[in-house]
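Labels below follow one simple rule: chain letters A, B, ... track the order of the sequence lines, proteins then strands, and each chain is numbered from 1.
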Protein chains: 2
Amino acid sequence: MTETPKPTPSELKILKFLWQNGPSTVRDVHEGIGVQVGHSYTTTLKQMQIMRDKGLLARDDSQRAHVFQPTVGEEPTQRAMLDDFMQRVYEGSASQLVMQALGISRPASAAELEEIDRLVQRLREESRGGTGR
Amino acid sequence: MTETPKPTPSELKILKFLWQNGPSTVRDVHEGIGVQVGHSYTTTLKQMQIMRDKGLLARDDSQRAHVFQPTVGEEPTQRAMLDDFMQRVYEGSASQLVMQALGISRPASAAELEEIDRLVQRLREESRGGTGR
DNA sequence: CCCCAAATACGAAAGAGTTCGTCAATCGCG
DNA sequence: CGCGATTGACGAACTCTTTCGTATTTGGGG
């Protein structure tokens with residue numbers, strides 16, 4: 001009964017839009033992300049119908065233009081995808097993934113590094129004394 | 001001209017075997033990873049032929065049983081996959097990915113956390129003074 | 001030398017994901 | 001009321017991935 005949705009790349013784009021903009025019509029989503037990549041309206045529509053079939057989206061059809069929203073939260077979805085990715089690529093080793101992620105590009109600002117630092121310190125505290133949950 | 005191979009899941013399994021075991025025959029790979037998932041020999045063979053067509057593997061056919069090896073290193077491949085994943089799921093934010101990875105499961109041992117800590121400290125030093133490479 | 005087992009080549013089929021065209025329903029404006 | 005534009009339903013085509021069956025080649029033991 002594990003609810004672990006693993007959206008495809010284009011499904012993820014739509015989910016991201018809905019997470020950010022709240023319940024939206026197909027038109028909204030299409031204008032938001034479909035137009036600039038040159039998709040036709042029906043492409044976006046079909047995609048969202050499929051996602052509804054899969055249970056990724058819920059639909060309110062009380063209006064002529066149906067309103068869609070995700071049935072899954074952003075964070076659980078990211079976690080599930082990350083978990084799968086970590087398993088496939090890093091044999092499940094979070095630390096190896098983290099090390100490589102921190103070496104990549106230059107996105108981590110001072111504030112972000114500080115935040116990461118706090119988290120690491122907290123985890124080290126826990127690992128020192130605690131049972132590890 | 002960016003060489004960024006993005007292997008599929010089953011391609012990655014084969015690459016992992018070859019990275020770990022060095023140049024191998026189809027038989028080797030099949031015994032190593034194909035058998036226990038119930039694949040037939042030709043499945044492994046075909047997969048490796050395709051990977052060679054894609055340029056992921058090189059082949060030495062001086063022996064009757066051809067010997068394959070990866071044309072790509074493990075780390076660059078992981079980096080490329082991680083970069084893509086980070087882009088798709090976290091809008092390119094390494095710190096967000098790291099935060100979530102550290103929150104996942106309980107894989108980070110004290111030693112690993114310490115190693116991460118050292119890296120974070122080093123990055124903070126650099127970010128304090130440097131241009132960020 | 002001949003045959004069998006091992007190996008490779010090749011085509012095909014099934015499944016998933018993505019994109020689009022056509023058709024039907026419906027709402028609102030003139 | 002009727003027509004045009006908007007919307008939704010649906011099927012189909014195309015690509016990519018994965019899996020396998022069959023055919024062909026080849027090397028070594030009897």
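At whole-Å resolution of the value, CG in B:L12 and C1' in D:dT17 are 15 Å apart. The separation between B:D61 atom CG and C:dT8 atom P is 10 Å, rounded to whole Å. Distance B:K13 NZ to D:dT19 C1': 13 Å, rounded to the nearest Å. A:H39 has its NE2 atom 17 Å from the P atom of D:dC14, to the nearest Å. Atom-to-atom, CG of B:D28 to C1' of C:dA7 comes out at 13 Å; the value is rounded to the nearest Å. Remark: C1' of D:dA9 and OH of A:Y41 are 11 Å apart, rounded to the nearest angstrom. Atom-to-atom, CZ of A:R27 to P of C:dC27 comes out at 17 Å; the value is rounded to the nearest Å. To the nearest angstrom, C1' of D:dT18 lies 13 Å from CD1 of B:I33.
Residues meeting the salt bridge (Lys or Arg N to Asp or Glu O under 4.0 Å) test with A:R27, sequence neighbours left out: A:E31.
Residues B:V72 and B:P5 approach most closely at CG1-CG, 3.4 Å, considering heavy atoms.
Under 4.0 angstrom from either OP1 or OP2 of D:dT19 there lies no side-chain N or O belonging to B:S40.
The side chain of A:T8 has C:dT18 as its nearest neighbour among C:dT18, C:dA9, D:dG8.
Nearest-nucleotide positions on DNA chain C for A:E11 and B:A65 put B:A65 closer to the 5' end.
Within a 6.0 Å sphere centred on NZ of B:K16, other residues, nucleotides and ligands contribute more than 12 heavy atoms. Applying the 6.0 Å contact sphere to CD of B:Q20 captures no more than 12 heavy atoms from other residues, nucleotides or ligands. Other residues, nucleotides and ligands contribute at most 12 non-hydrogen atoms within 6.0 Å of the CD atom of A:Q63.
To the nearest 0.5 Å, atom CD of residue B:Q69 and atom CG of residue B:N21 are 13.0 Å apart. Here the straight-line distance linking atom CE of A:M48 with atom CZ of A:R59 works out to 10.5 Å at 0.5 Å rounding.
Of all the residues in residues 42-59 of chain B, B:T42, B:L45, B:K46, B:Q49, B:R59 reach under 4.0 Å from DNA chain C with at least one non-hydrogen atom.
With A:I14 as the partner, the side-chain contact (heavy atoms from CB on, under 4.5 Å) test is satisfied by one option alone out of A:V26, A:L56, A:V29: A:V29. For the side-chain hydrogen bond (donor to acceptor under 3.5 Å, both in side chains) criterion with B:H30, the lone passing option out of B:T43, B:T42, B:T44 is B:T44.
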Between N or O atoms, less than 3.5 Å apart, protein on one side and nucleotides 24-30 of chain D on the other: list the pairs.
unit_1 : atom_1 : unit_2 : atom_2 : d
D:dT26 : O2     : B:R64  : NH2    : 3.4

